[in-house]
Amino acid sequence: MTDLKRLVIETARRMNALGINVNKSGNISARASLDGLDGFFITPTGIDYDALEVEDIVFIALDQSVRSQIPNKRLPSSEWLMHERVYCQRADVKAIVHTHSVYATALACQELGIPAFHYMVAAAGGDRIDCAPYALFGSEELADKASDALRQRNACLLSHHGVLACGKDLSGALKLAHEVENLAHMYTLTRMLGEPKILSSEQMSNVLERFQTYGQQR
Ligand SMILES: [Zn+2]
């Protein structure tokens, strides 16, 4: 468990080192079980990533009735509800990365998702990356809207807020958050050159099909 907590800390630091987040605006979590309880580790609120120690990482149980019995040293990120809702909804998700990366957030502030202007949009698992409707940070309403947007996708934008990306491990979730920022940057530039040309649903189905076997061929 200490190793996984360490990985959570490393991922938070890498997120900032990659330039897809500044200060403590984002947060990181990884599914875990502790003393037989299913839940997840998450970065705490109010502590610089550089100063984080293993004991600062917070464990949240998915079972609400036992939550208050867990002796955490710190309070979780104010956005822990959003993570909890996704873990409850998607058994396949093992890690979640939340950032306020610049280009993706700029699109989210215009309430724009990312359509299939580039085939790599399929990296999030579908033919577009949606922008979830606005709700107050840390609220149940945001948790509902964000988890809704991740029902059939591994990443979404959050209106007037940022990005949420998930994966089967911390490295995968971080890579996807980075890819979303890269796509948002390219999409912003593409829009500046005129009305973006969008790939057809048939073209995107072909990409999605190819992605299922990509990297596994001999
Ligand atoms: Zn946030």
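First listed ligand is number 1; within each ligand, the first listed atom is number 1.
Looking only at distances, no side-chain donor or acceptor of D144 sits under 3.5 Å from a matching main-chain atom of E141. The backbone N or O of G167 lies less than 3.5 Å from no partner atom in the side chain of N154, so there is not a single donor-acceptor pair. Between the T43 side chain and the I28 main chain, a donor and an acceptor come within less than 3.5 Å of each other.
Annotation: E209, atom CD; neighbour count of heavy atoms from other residues, nucleotides and ligands within 6.0 Å does not exceed 12.
For H161, the N/O/S atom at the shortest distance from the Zn ion (ligand 1) is named NE2. Shortest distance from the Zn ion (ligand 1) to E79 is reached at OE1 (N/O/S atoms only).
Vertex the Zn ion (ligand 1); arms to H98 NE2 and H100 NE2; angle rounded to 10 degrees, 100°.
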